[in-house]
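What follows is a short report on a single structure.
Just so you know, these numbers use all the heavy atoms, side chains as well, and skip hydrogens, waters and symmetry mates.
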2 protein chains.
Amino acid sequence: MPQAKIHREKPKEKFSYNPKKVLRMLDEHARRVLEDIKREKNPYFDIPMRGLNNVYFDEESRLIKLGDKLSRRYFLNVAHARKFMQTLIMMAYVKRLVSEDKHASLREAYYANKHTIPGTHENTFEDQSESDPIIEDLERMFGVLREEMNLTADRRGYIYGDIVIRDGEDEFNASKLGSGGWAVPGTVEHIQFSEINVDYALVVETAAMADRLIEEKYSKKENALIIATQGQASRGVRRLIHRLHYEEGLPIIVFTDGDPYGWYIYSTIKLGSINLAYLSEKLATPEAKFVGMTMDDIKRYGLENVTEKLKGIPPNKKGGPTGDYKRIIEEMNYPWFQNEQWQRQLKLALNWGVRIEQQALANKSLEFVAKEYLPEKINNGDLLP
Amino acid sequence: MPQAKIHREKPKEKFSYNPKKVLRMLDEHARRVLEDIKREKNPYFDIPMRGLNNVYFDEESRLIKLGDKLSRRYFLNVAHARKFMQTLIMMAYVKRLVSEDKHASLREAYYANKHTIPGTHENTFEDQSESDPIIEDLERMFGVLREEMNLTADRRGYIYGDIVIRDGEDEFNASKLGSGGWAVPGTVEHIQFSEINVDYALVVETAAMADRLIEEKYSKKENALIIATQGQASRGVRRLIHRLHYEEGLPIIVFTDGDPYGWYIYSTIKLGSINLAYLSEKLATPEAKFVGMTMDDIKRYGLENVTEKLKGIPPNKKGGPTGDYKRIIEEMNYPWFQNEQWQRQLKLALNWGVRIEQQALANKSLEFVAKEYLPEKINNGDLLP
């Protein structure tokens with residue numbers, strides 16, 4: 001099924017980073033609380049509920065979305081008062097961060113706001129497990145990413161390829177950084193793409209495979225940006241992928257190990273996770289496609305000798321399914337894997353009881369992945385949805 | 001105890017990357033085997049033994065070193081034949097890699113050399129746990145790093161600061177890459193330092209803290225290179241630190257969490273690990289110093305409210321010591337921690353039963369670490385050996 005070679009599409013979104021939006025939100029909510037106090041009413045916040053009960057898969061946008069169930073948090077309510085206080089403390093902190101153009105990690109936000117309330121033995125926060133959910137509440141309340149509130153996620157991952165990035169006063173080409181590449185920061189809200197000279201972005205699970213492709217000059221030969229996630233994609237990387245697709249029109253092609261963890265990485269890039277459903281619209285990229293590894297690759301490229309056994313107990317054995325088998329069965333039920341192609345791959349994995357790693361392609365030759373496997377599959381449109 | 005501000009020192013080593021050295025080694029050893037075969041003698045390899053029995057702490061160089069015990073591996077010996085074959089296969093592979101200027105990960109090296117021996121059901125390698133030790137054998141046999149044999153370790157970590165790096169045809173300044181920084185590749189043998197405009201390198205355990213320092217412009221204000229290890233330092237980062245110290249004269253100052261894991265990270269950068277003792281001379285930097293976090297910091301900076309409890313059972317309780325307590329007691333016995341300052345910190349941790357994170361400094365203010373804590377301690381020479 002030969003199709004046209006992959007190309008950059010028309011952008012669907014404009015670069016829209018606006019720190020003032022968050023300040024306006026904070027202001028509105030704080031003013032309402034203040035008004036309530038002045039009128040001697042019980043002040044409250046309305047926070048969209050978390051959890052599976054308030055999450056659904058939207059067929060049209062192909063995104064996991066947050067429902068409209070709200071939870072109302074009152075100040076004058078013994079069960080709510082502590083969280084109400086914490087919400088206000090964190091709002092004040094976010095206001096300072098954004099006004100001063102400073103960023104803080106979740107851990108710093110916890111430490112910075114932990115103190116004993118004067119005249120009491122009560123701490124504002126006992127533990128980060130108290131401050132993180134408050135930050136998530138603010139994300140849902142305001143409909144913004146915590147990165148837009150200058151709260152930075154842990155960073156991981158790097159990119160390599162012919163695009164020019166502007167970050168503050170610096171401007172650089174991410175294909176001119178030797179074999180290292182550009183380390184993706186925790187927050188990519190503020191960066192701008194000055195030039196995009198690639199046709200698509202190839203998202204790669206392992207650093208070793210990304211480095212293989214860098215060494216083989218894949219980026220130059222195939223006109224692709226390489227994005228190494230180094231395992232599960234960090235929020236920074238997921239946001240970068242989203243922005244490259246929607247603002248710059250880059251097709252996104254994902255390349256992971258052929259195992260339930262690799263497919264889960266793809267799934268998270270494509271649709272986000274149920275935990276963070278409320279972020280799908282800014283973090284997920286439903287149009288992403290999957291190049292491999294697939295179970296069909298094993299036969300097609302003669303890799304039978306370099307597969308690995310799945311871990312855990314198969315569904316038809318006593319005590320099963322556990323481990324890899326259990327995860328594969330869970331993935332078979334994902335709404336976005338309800339199509340013939342994915343069901344086939346997942347069933348084959350269950351039946352054969354094997355997994356196949358990206359690096360197993362080295363069994364053919366080191367160059368094989370860059371010179372044959374990827375160009376062939378991508379240029380033929382041999383991709384999973 | 002105010003001392004002079006820290007400055008770059010005179011280099012102790014010259015840049016000495018020479019791929020031909022490995023080819024020569026391979027050639028010598030292979031020729032000897034060939035000669036033995038021609039003379040109808042039983043060919044063998046002499047391989048320095050691994051394990052605690054053949055490792056010692058050299059007081060003079062302050063390095064963990066490999067002893068001179070050898071293990072002789074014969075071809076005509078049922079117990080040795082398989083490993084003898086694997087050694088030759090891997091030598092041939094390394095020869096190809098280095099000759100063709102290609103790199104492979106340990107995993108690729110395994111997959112690339114796994115095949116069924118024609119006419120038998122025997123595989124050359126069953127598992128990566130068979131190929132990794134052979135590569136370590138080659139490292140000890142030749143006295144080279146596996147990176148010098150173009151076998152690349154997993155990469156992790158990034159750098160930020162005013163140094164100019166040449167990597168292949170690319171040359172860039174690591175302070176002009178926005179908030180991201182340069183992602184350190186798995187192998188840094190080939191990179192060259194064209195310009196060093198900093199006074200020292202600050203090695204930082206967490207990405208969040210490194211990002212804090214980047215945001216506070218610490219690098220520029222204090223004239224320092226920031227190296228983020230993102231947990232335990234990867235081999236690439238350790239080799240980079242070593243090279244910056246010995247070839248470029250940069251003092252190395254390490255900044256980790258104040259807990260047994262952070263101190264272990266310091267220990268590994270400084271002296272290497274017992275497992276990889278034979279690599280100390282190329283990977284370790286015994287002159288590295290430690291700025292914090294220390295137990296004394298807790299009182300000095302009033303951080304009592306933001307410590308965390310050590311995990312595990314203390315030595316004086318039933319079932320103890322376990323967890324953090326056990327690790328601290330192990331560290332008290334490290335030869336390089338046999339000094340008053342370290343014994344004091346480790347004892348305080350045991351007595352107080354607490355740990356302190358880098359990010360806990362955010363309790364003072366976000367700027368505190370960059371504007372007061374680090375400059376004060378470093379410029380006063382308030383460092384642990």
Side-chain angles (χ1 to χ4, degrees), chain A residues 97 100 102-112 114-116 123 152 154-160 165-172 175-188 190-191 206-209 211-212 214-215 228 230 305-306 357 359-363 365-367, chain B residues 97 100 102-112 114-116 123 152 154-160 165-172 175-188 190-191 206-209 211-212 214-215 228 230 305-306 357 359-363 365-367:
Chain A
L97 284 179
E100 295 175 8
K102 288 254 183 181
H103 297 76
S105 65
L106 295 185
R107 193 97 185 122
E108 285 176 318
Y110 156 64
Y111 279 125
K114 179 179 186 169
H115 60 260
T116 309
N123 280 331
T152 301
D154 242 17
R155 59 141 96 189
R156 194 173 52 251
Y158 56 95
I159 65 170
Y160 183 96
I165 288 177
R166 172 167 281 282
D167 181 352
E169 287 168 12
D170 299 336
E171 198 171 58
F172 52 88
S175 69
K176 305 282 182 205
L177 306 177
S179 47
W182 187 57
V184 177
T187 298
V188 296
H190 59 289
I191 71 165
T206 65
M209 178 51 77
D211 289 350
R212 159 70 36 236
I214 292 173
E215 180 160 292
Q230 301 184 279
N305 198 29
V306 284
E357 292 184 2
Q359 294 185 68
L361 292 166
N363 188 247
S365 78
L366 282 181
E367 304 75 27
Chain B
L97 285 179
E100 295 176 8
K102 287 253 185 182
H103 298 76
S105 66
L106 295 185
R107 193 98 186 121
E108 284 176 320
Y110 156 64
Y111 279 126
K114 179 180 186 168
H115 59 260
T116 309
N123 280 331
T152 300
D154 241 17
R155 59 141 95 189
R156 193 172 54 251
Y158 56 94
I159 65 169
Y160 182 96
I165 288 177
R166 172 167 281 283
D167 181 351
E169 286 168 12
D170 300 335
E171 196 170 59
F172 53 89
S175 68
K176 305 283 182 206
L177 305 177
S179 48
W182 187 59
V184 178
T187 298
V188 298
H190 59 289
I191 71 166
T206 65
M209 178 52 78
D211 289 350
R212 160 70 35 237
I214 292 173
E215 179 159 294
Q230 299 183 281
N305 199 29
V306 284
E357 290 183 2
Q359 294 185 69
L361 291 166
N363 188 247
S365 78
L366 283 180
E367 304 77 27

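Scored by the salt bridge (Lys or Arg N to Asp or Glu O under 4.0 Å) test, B:Arg212 finds A:Glu108, B:Glu215, B:Glu216 as partners (sequence neighbours excluded). By the salt bridge (Lys or Arg N to Asp or Glu O under 4.0 Å) test, B:Arg156 is found to be paired with no residue, residues two or more places apart in sequence or in another chain being considered.
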(request) Apply side chain to side chain contact (heavy atoms under 4.5 Å, CB included) to B:Asp211 and A:Thr187, showing your working. (result) CA-CA 10 Å; B:Asp211 289 350; A:Thr187 298; over 6 Å; no
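Ranked by heavy-atom pairs shorter than 4.5 Å toward chain A, the options B:Ala228, B:Gly186, B:Ala112, B:Ala104 are led by B:Ala112. Among B:Gly181, B:Ala208, B:Ala109, the residue with the largest count of heavy-atom pairs under 4.5 Å with chain A is B:Gly181. Annotation: maximal heavy-atom pairing with chain B below 4.5 Å, among A:His115, A:Glu367, A:His190, occurs at A:Glu367. Interface check for chain A: of the options B:Met209, B:Arg166, B:Lys176, the most heavy-atom pairs under 4.5 Å are formed by B:Lys176.
Contact record, B:Tyr158 with A:Ala183: CB-CB, 3.8 Å, taken as the closest heavy-atom pair. Across all their heavy atoms, B:Glu357 and A:Tyr111 have their closest contact at OE1-OH, 3.2 Å. Residues B:Arg155 and A:Ala207 come closest through the heavy atom pair CG-CB, 3.7 Å. The nearest pair of heavy atoms linking B:Pro185 to A:Gly180 is CD-CA, 4.0 Å.
Residue contact with chain A, scored on non-hydrogen atoms closer than 4.5 Å, is absent for B:Ser365. Contact annotation for B:Ile165: neither backbone nor side-chain heavy atoms come within less than 4.5 Å of a heavy atom of chain A. Using a 4.5 Å cut-off between heavy atoms, B:Leu366 contacts chain A through its side chain alone, with no backbone atom that close. Only the side chain of A:Leu97 comes within less than 4.5 Å of a heavy atom of chain B; its backbone N, CA, C and O stay farther away. For A:Ser179, the parts lying under 4.5 angstrom from a heavy atom of chain B are both the backbone and the side chain.
Taken from CG in A:Asp170 to CG in B:Leu177, the straight-line distance is 7.0 Å, to the nearest 0.5 Å.
A donor-acceptor pair under 3.5 Å is formed between the side chain of B:Asn363 and the backbone N or O of A:Lys114.
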